[in-house]
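This report refers to the structure that appears directly beneath it.
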Amino acid sequence: MDRTRLALTAIAAVLALPLVTAAQHADRAPYGDHFHHFATSSTGPVEVRIRGAAVEAYDRGTGAPRWTYDRRGSRPLALFRAPGHTVALWADGMVTDTDTHTGTDTHTDTGTGTGTGRDSDARRVRWHRAVPGLGAWLAASPARAAGVLQPLDEDATMLAVVTPERISAFRSADGDLRWLLPASEGCAFDPARTAHTVGVLLLGRPCRGSRSWSQELVAVDDLGEITPGRTPLGNDLPGGRRADGGGNRVARPS
């Protein structure tokens with residue numbers, strides 16, 4: 001009896017091994033990320049664009065590709081380019097931030113940049129963020145992606161993701177969600193109606209029954225909605241402090 005039980009246990013362990021191995025491999029690419037890096041000796045400036053279903057970095061002078069980044073089951077719809085990194089909006093509602101610069105070794109990687117060596121260090125996704133409801137809204141009209149990604153300060157240290165239901169503000173350095181601004185009841189933000197002026201983002205917010213154009217505008221900056229007497233949190237990394245002294249300092253986690 002005991003021998004039979006031991007034999008069955010051993011067989012079960014052997015059968016389970018491929019499943020465990022497959023699960024471990026699946027965990028390496030939870031977002032379906034895939035990179036292909038092209039060997040090149042060029043050290044010139046790099047530009048980033050959408051090409052087909054991938055984000056592509058290419059040499060500004062020659063047009064030769066440096067690397068491509070795609071995600072299984074989705075495609076990029078819009079990019080926001082900042083010094084050293086690029087934010088991409090994907091059709092499934094995912095937002096990613098990828099380092100722009102690469103090394104020179106030929107390498108193909110499936111995962112989130114968890115390989116070894118300078119190439120994986122220089123060519124990686126810095127963060128992924130899924131925005132609720134964004135994928136379904138984009139599916140109805142992919143052209144809506146044009147105004148979704150909005151910088152909130154001159155250096156793009158904060159980035160807003162604008163949807164009809166809410167504005168989500170992420171810190172560019174690590175993708176930390178710093179604040180949310182829901183649309184008021186009966187209102188909806190319009191990503192196609194935006195304007196930037198002196199560090200302020202103005203957005204259209206049409207509301208049912210509105211009788212004044214001023215009620216259909218909202219002003220935000222890197223700290224959130226601009227209102228009298230506000231006391232927002234700061235957006236610096238833990239231990240940091242705004243140069244102008246604004247915001248409330250957040251204690252380091254214990």
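Residues take their numbers from the sequence shown, with the count starting at 1.
- For M158 against W179, the heavy-atom pair with the smallest separation is CE-NE1, 4.1 Å.
- The two atoms that bring L177 and A169 nearest to each other are CD1-O, 3.5 Å, heavy atoms only.
- P191 and W137 get closest at one heavy-atom pair: CG-CH2, 3.7 Å.
- Taking each heavy atom of A183 and P164 in turn, the nearest pair found is CB-O, 3.6 Å.
- Within a 6.0 Å radius of CZ in R51, no more than 12 heavy atoms belonging to other residues, nucleotides or ligands are found.
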(request) Check the pair H36 / F38 against ring pair (Phe, Tyr, Trp, His ring centres under 6.0 Å), numbers first and verdict last. (result) CA-CA 7 Å; H36 183 80; F38 297 87; 4.6 Å; yes
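- V162 and L180 fall into different hydrophobic clusters, where Ile, Leu, Val, Met, Phe, Trp and Tyr are joined by side-chain heavy atoms under 4.5 Å apart, directly or via other members.
- In terms of heavy atoms, A156 sits closest to S172 at O-OG, 2.7 Å.
- Annotation: the span from D221 atom CG to D153 atom CG amounts to 9.0 Å, rounded to 0.5 Å.
- Look at R66 and D59 and you find a salt bridge, because one of the NZ, NE, NH1 or NH2 atoms lies within 4.0 Å of a carboxylate O, short of that distance.
- Atom CZ of R166 sits about 10.0 Å away from atom CZ of F189, to the nearest 0.5 Å.
- In this structure D97 satisfies the side-chain contact (heavy atoms from CB on, under 4.5 Å) test together with H85, V87, R126, W127, sequence neighbours excluded.
- Between D222 and R178 there is no salt bridge, since no side-chain nitrogen of the basic residue lies less than 4.0 Å from a carboxylate oxygen of the acidic one.
- With rounding to the nearest 0.5 angstrom, the CD atom of E216 is 6.0 Å from the CZ atom of R193.
- Residues A91 and S74 come closest through the heavy atom pair N-OG, 3.3 Å.
- Remark: T96 OG1 to D33 CG distance equals 7.5 Å, nearest 0.5 Å.
- Annotation: cation-pi geometry not satisfied between R75 and W90 (NZ/CZ under 6.0 angstrom from ring centroid, within 45° of ring axis).
- Hydrophobic clustering (side-chain heavy atoms under 4.5 Å, transitive across Ile, Leu, Val, Met, Phe, Trp, Tyr) groups L79 together with Y31.
- Taking 4.5 Å as the limit, some side-chain heavy atom of R71 sits within range of a side-chain heavy atom of D92.
- No chain of hydrophobic side-chain contacts below 4.5 Å, direct or via other Ile, Leu, Val, Met, Phe, Trp or Tyr residues, connects I167 to L89.
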(request) Output, in order, the C-alpha distance, side-chain angles, deciding distance and verdict of side-chain contact (heavy atoms from CB on, under 4.5 Å) for V218 and E225. (result) CA-CA 7 Å; V218 61; E225 185 176 11; 3.5 Å; yes
(request) Kindly indicate, with the supporting measurements, whether the criterion side-chain contact (heavy atoms from CB on, under 4.5 Å) is fulfilled by H128 and M94. (result) CA-CA 7 Å; H128 302 75; M94 185 72 71; 3.8 Å; yes
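- The hydrophobic cluster containing I226, built from Ile/Leu/Val/Met/Phe/Trp/Tyr side-chain heavy atoms closer than 4.5 Å, also comprises V200, L202.
- Residues L203 and L201 are in side-chain contact: their nearest non-hydrogen atoms beyond the backbone lie under 4.5 Å apart.
- Two residues are said to be in side-chain contact when any heavy atoms from C-beta on lie closer than 4.5 Å; P151 and H196 meet this criterion.
- Between T157 atom OG1 and R171 atom CZ the span is 9.5 Å, to the nearest 0.5 Å.
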(request) Step by step, work out the side-chain contact (heavy atoms from CB on, under 4.5 Å) result for L223 and N235. (result) CA-CA 7 Å; L223 296 174; N235 293 320; 3.5 Å; yes
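- Residues V148 and V131 fall within the same hydrophobic cluster, defined by Ile, Leu, Val, Met, Phe, Trp and Tyr side chains chained together at heavy-atom separations under 4.5 Å.
- Side-chain contact between L152 and L159 is absent, with no heavy-atom pair separated by less than 4.5 Å.
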(request) Mind running side-chain contact (heavy atoms from CB on, under 4.5 Å) on Y58 and V46 for me, showing each step along the way? (result) CA-CA 6 Å; Y58 64 96; V46 174; over 6 Å; no
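- The same ILVMFWY cluster, assembled from side-chain heavy atoms under 4.5 Å apart, contains both L138 and F80.
- Other residues, nucleotides and ligands place no more than 12 heavy atoms under 6.0 Å from the CZ atom of R208.
- Residues V125 and F35 form a side-chain contact, since some pair of their non-hydrogen atoms from C-beta on lies under 4.5 Å apart.
- The OG1 atom of T86 sits 9.0 Å away from atom CD of E47, with the distance rounded to the nearest 0.5 Å.
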